[in-house]
Amino acid sequence: KAGVTQTPRYLIKTRGQQVTLSCSPISGHRSVSWYQQTPGQGLQFLFEYFSETQRNKGNFPGRFSGRQFSNSRSEMNVSTLELGDSALYLCASRGAAGITDTQYFGPGTRLTVL
Amino acid sequence: AQSVTQPDIHITVSEGASLELRCNYSYGATPYLFWYVQSPGQGLQLLLKYFSGDTLVQGIKGFEAEFKRSQSSFNLRKPSVHWSDAAEYFCAVGAKSSGDKLTFGTGTRLAVRP
């Protein structure tokens with residue numbers, strides 16, 4: 001089975017721009033979560049989608065948004081980029097809609113904001 | 001709110017030596033506990049998890065962890081470290097009451113001395 005894939009792997013943007021990151025979950029998985037990883041704040045939960053519905057949301061400003069498609073693929077969007085948005089963005093998928101199911105992480109998208 | 005503390009930011013051990021990485025959590029009820037490992041440039045890989053039952057859990061790559069409710073701890077151990085174990089290790093806690101999201105510790109970076 002193919003793992004979680006994220007595209008692009010690396011991205012460079014400038015302040016004020018917007019960006020869209022993509023995540024394809026493991027086949028058959030319906031839950032997709034997004035995390036932001038930075039040296040200062042560590043791993044922080046952004047949001048989780050299940051069957052195209054946002055089930056949970058972390059404490060991030062409204063500039064961060066996401067969606068999930070009927071094939072379970074997910075995108076996250078960050079508008080009006082700030083320098084502090086530079087981070088590794090990780091996507092994770094799991095099969096059942098529950099914490100007892102193992103969450104599998106993708107390799108991440110490294111976003112650099114100049 | 002749930003939280004996780006990993007008091008050791010960086011640990012260096014000699015190859016073949018034993019390892020213990022500390023993790024303390026804060027949560028009112030019985031938490032769901034996880035250990036993940038992240039190699040450079042990679043996403044996170046699940047080492048082991050604890051939900052209930054036997055407090056000593058076995059994971060992949062020869063790792064084990066022990067849940068101690070009285071100490072609110074979930075320390076990760078390995079009897080003999082290999083050079084390939086050099087990576088960053090994250091402890092995480094989750095709960096159904098928090099919508100199944102994971103809260104991660106700040107991580108412990110492990111270096112292995114030859």
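Numbered from 1 within each chain, the chains take letters A, B, ... in sequence-line order. Computed from a predicted structure; not experimentally measured.
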Looking at side-chain heavy atoms only, is the closest gap between Gln38(B) and Leu88(A) below 4.5 Å?
yes
So that I know where these two stand, are Tyr35(A) and Phe104(B) an aromatic pair - ring centroids less than 6.0 Å apart?
yes
Interatomic distance, CZ@Phe90(B) vs CG@Leu43(A), rounded to 0.5 Å, equals 5.0 Å
Say whether Val113(A) and Tyr10(A) are linked into one hydrophobic cluster, either directly or through other cluster members, by side-chain heavy-atom distances under 4.5 angstrom.
no
Report which part of Leu44(B) has an atom under 4.5 Å of a heavy atom belonging to chain A: side chain, backbone, both, or neither.
both
Mind listing the closest non-hydrogen atom pair of Ile99(A) and Phe34(B) along with its distance?
O-CZ, 3.8 Å
Could you tell me whether the side chain of Phe45(A) reaches within less than 4.5 Å of the side chain of Leu102(B), counting heavy atoms only?
no
Decide if atom CG of Asn71(A) counts as having more than 12 heavy atoms of other residues, nucleotides or ligands within a radius under 6.0 Å.
yes
Roughly how far apart are Tyr104(A) OH and Gln45(B) CD, rounded to 0.5 Å?
10.0 Å
Linking I/L/V/M/F/W/Y whenever any side-chain heavy atoms sit under 4.5 Å apart, do Leu111(A) and Phe105(A) land together?
no
In terms of hydrophobic clustering (I, L, V, M, F, W, Y; side-chain heavy atoms under 4.5 Å; direct or indirect links), are Phe47(A) and Val4(A) co-clustered?
no
CZ/Arg77(B): more than 12 non-hydrogen atoms of other groups inside 6.0 Å
yes
Is there a path from Leu19(B) to Val57(B) through hydrophobic residues (I, L, V, M, F, W, Y) whose side chains come within less than 4.5 Å of each other?
yes
Treat each ILVMFWY residue as a node, draw an edge where side-chain heavy atoms are under 4.5 Å apart, and state whether Val32(A) and Leu90(A) are in one component.
no
Taking the side chain as C-beta and beyond, is there a heavy-atom pair between Tyr36(B) and Gln103(A) under 4.5 Å?
yes
No-hydrogen, no-angle side-chain donor-acceptor test under 3.5 Å, Lys49(B) and Thr102(A)
yes
Over 12 non-hydrogen atoms of neighbours within 6.0 angstrom of CG in Leu83(A)
yes
Between Gln6(A), Gln37(A), Arg110(A), which has the largest tally of heavy atom pairs under 4.5 Å with chain B?
Gln37(A)
Which bit of Ser33(A) comes within less than 4.5 Å of chain B, counting heavy atoms only: side chain, backbone, both or neither?
neither
